[in-house]
Amino acid sequence: MKFDFTGEMMDSHFYEAVIESKARVTYGEAQEIVDETYNGKSLLHVQKEIIQASHLAKLLMGMRFKNGSLDLEIPDTQIILDGAGVPIDIIKSERLFAHRLIEEMMLAANVAVAKFLSSKEITSIYRIHEPPKSDSIAILEKYMEGFGSRTKLKSGGLQKKLTKALQEFEGKPEAQVLNILTLRSMSQAKYSSENVGHFGLGFEFYTHFTSPIRRYPDLS
C-alpha cells in the first residue's frame with residue numbers, strides 16, 4: 001500500500017510472496033521505540049520502520065475521525081490467574097499506542113482488500129455495519145442530555161455528531177459510561193455478500209482480511 005503525506009491511500013498491489021520475518025517485536029518494545037526510551041540493541045535494525053509506521057498510524061487515525069469514524073474507547077479487562085490456574089483478580093488491560101498502530105495498519109489492509117474485490121466485481125464477504133435505528137439514537141440523546149450535552153443527534157451527519165458529543169466528555173467520569181451507551185445503541189456488525197459500508201468506522205469498503213483467527217467468535 002502506498003500513502004501520501006496526508007494518509008490517503010494512493011495505490012495498492014496484490015501478489016504472491018514469501019514473508020521473511022526480520023524481528024519479533026512485542027507491543028511494549030514497539031511503544032518504547034515510539035517513545036524513544038528503547039535501550040536495547042536487538043531491534044535497532046527495525047527501529048526506523050516502526051517509527052515510520054507510528055507516524056502513518058497517526059495520520060490514518062486523524063483522517064478516520066475527520067471522516068466520521070467513531071472512537072469508542074471501551075476498556076478491556078484481564079483475568080489474573082495464580083500458579084494453579086485459578087482466577088484471583090480482574091484488572092484493566094493496559095492499552096498502548098502500539099496497539100492502535102497495529103489496528104490502523106490492519107484497518108488499512110482490510111479497506112484495500114475490500115476495494116480490490118469490489119473493483120474486480122468478485123463476489124465476496126464484506127464486514128458491514130448498518131446505521132443505528134432512530135429510536136436507539138433518540139434514547140442515547142436523552143442520556144447525553146441528562147449528562148449536560150447540547151448536541152442534537154437526530155438530523156444528518158450522525159457520525160460526526162456522535163464524535164462531537166463524546167469529545168465533550170473526554171477525560172470526565174461520564175466518558176466511559178457514554179462510550180458504552182453509544183456502543184449499545186449501534187446496530188450489530190455482520191458479514192454479508194452485499195456491501196453497504198461500515199457505519200462505525202466510516203468506511204465505504206471494508207472486509208476482514210487480516211488475522212481471521214481473531215474473528216473466530218463471530219462465527220458462533
Side-chain angles (χ1 to χ4, degrees), residues 1-81 89-116 127 163 166-167 170-171 175-176 179-180 183 189 198 200-203 205-218:
M1 295 176 289
K2 294 182 179 180
F3 298 88
D4 65 15
F5 289 102
T6 68
E8 186 75 34
M9 188 185 300
M10 305 302 295
D11 197 10
S12 61
H13 296 280
F14 297 85
Y15 51 88
E16 292 187 19
V18 176
I19 297 175
E20 179 184 357
S21 180
K22 294 293 185 179
R24 185 177 185 274
V25 189
T26 66
Y27 286 110
E29 289 170 334
Q31 188 64 50
E32 289 178 357
I33 291 175
V34 171
D35 293 338
E36 299 183 351
T37 59
Y38 179 70
N39 296 319
K41 296 181 179 180
S42 62
L43 300 178
L44 293 179
H45 63 295
V46 293
Q47 183 171 322
K48 178 182 177 181
E49 285 77 8
I50 293 174
I51 292 175
Q52 286 180 331
S54 72
H55 293 329
L56 175 57
K58 291 175 183 177
L59 286 174
L60 294 176
M61 285 173 59
M63 179 174 290
R64 278 202 302 115
F65 299 149
K66 181 180 179 181
N67 292 335
S69 181
L70 300 180
D71 185 22
L72 298 177
E73 281 294 325
I74 309 298
D76 290 330
T77 56
Q78 179 180 353
I79 299 176
I80 306 299
L81 308 177
D89 199 2
I90 299 177
I91 63 174
K92 180 180 177 181
S93 298
E94 183 180 11
R95 181 167 167 78
L96 306 173
F97 175 75
H99 291 102
R100 304 202 71 160
L101 187 160
I102 295 298
E103 289 172 3
E104 292 301 325
M105 301 301 113
M106 293 173 70
L107 289 173
N110 289 339
V111 169
V113 171
K115 287 182 176 179
F116 173 80
R127 183 66 171 177
T163 298
L166 293 172
Q167 287 175 344
E170 190 172 350
Q176 184 173 328
N179 273 273
I180 294 174
L183 179 63
H198 198 292
L201 292 173
F203 291 152
F205 300 93
Y206 190 67
T207 189
H208 276 161
F209 163 72
T210 58
S211 300
I213 192 171
R214 299 185 184 184
R215 307 305 310 183
Y216 183 77
D218 290 332

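These numbers come from the heavy atoms of this one structure, side chains and all, not from hydrogens, waters or symmetry mates.
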Is there a side-chain contact between Met63 and Phe3, using heavy atoms and a 4.5 Å cut-off?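 A side-chain contact under 4.5 Å is absent here.
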Tell me whether the count of non-hydrogen atoms from other residues, nucleotides or ligands lying under 6.0 Å of CD1 in Ile79 goes above 12. no
With [X] via side chain to side chain donor-acceptor pair (under 3.5 Å) - residues at least two apart:
{"X": "Asp4", "value": "Thr6"}
{"X": "Thr26", "value": "Glu29"}
{"X": "Asn39", "value": "none"}

Who are the ring-ring contact (aromatic ring centres under 6.0 Å, His included) partners of [X], not counting sequence neighbours?
{"X": "Phe5", "value": "none"}
{"X": "Tyr38", "value": "none"}
{"X": "Tyr206", "value": "His198, Phe203, His208"}

Taking side chain to side chain contact (heavy atoms under 4.5 Å, CB included) as the definition, give me every residue that meets it alongside Ile19, ordered by chain and number, with sequence neighbours left out.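 If we apply the side chain to side chain contact (heavy atoms under 4.5 Å, CB included) test to Ile19, skipping adjacent residues, there are no hits.
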Under the side chain to side chain contact (heavy atoms under 4.5 Å, CB included) test, residues paired with Gln167 that sit two or more places apart: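 With neighbours one apart ignored, the set is Thr163, Glu170.
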Closest approach of [X] to [Y] (non-hydrogen atoms, all atoms of both residues):
{"X": "Met9", "Y": "Ala108", "value": "CE-O, 3.4 Å"}
{"X": "Ile91", "Y": "Ile80", "value": "CD1-CD1, 3.8 Å"}
{"X": "Phe97", "Y": "Gln31", "value": "N-OE1, 3.0 Å"}

Might you work through the side chain to side chain contact (heavy atoms under 4.5 Å, CB included) test for Arg64 and Glu104, ending with a clear yes or no? CA-CA 10 Å; Arg64 278 202 302 115; Glu104 292 301 325; 2.5 Å; yes
Point-to-point distance, once rounded to the nearest 0.5 Å, from [atom1] of [X] to [atom2] of [Y]:
{"X": "Phe209", "Y": "Phe116", "atom1": "CZ", "atom2": "CZ", "result": "10.5 Å"}
{"X": "Leu70", "Y": "Leu183", "atom1": "CG", "atom2": "CG", "result": "9.5 Å"}
{"X": "Met1", "Y": "Asp11", "atom1": "CE", "atom2": "CG", "result": "11.5 Å"}

Contacts of [X] that satisfy salt bridge (charged side-chain N to carboxylate O under 4.0 Å, His left out) - sequence neighbours left out:
{"X": "Glu32", "answer": "none"}
{"X": "Asp35", "answer": "none"}
{"X": "Glu103", "answer": "Arg95"}

Using a 3.5 Å distance criterion without hydrogens, assess whether the side chain of Ser69 forms a donor-acceptor pair with backbone atoms of Leu201. yes
Throw together a table of side-chain donor-acceptor distances under 3.5 angstrom for residues 43-60, partners on residues two or more places apart or in other chains.
unit_1	atom_1	unit_2	atom_2	d
His45	ND1	Ser42	O	3.2
His45	NE2	Lys22	O	2.9
Ser54	OG	Ile51	O	2.6

As a quick check of understanding, evaluate side chain to side chain contact (heavy atoms under 4.5 Å, CB included) for Leu101 and Tyr27, giving each step before the final call. CA-CA 10 Å; Leu101 187 160; Tyr27 286 110; over 6 Å; no
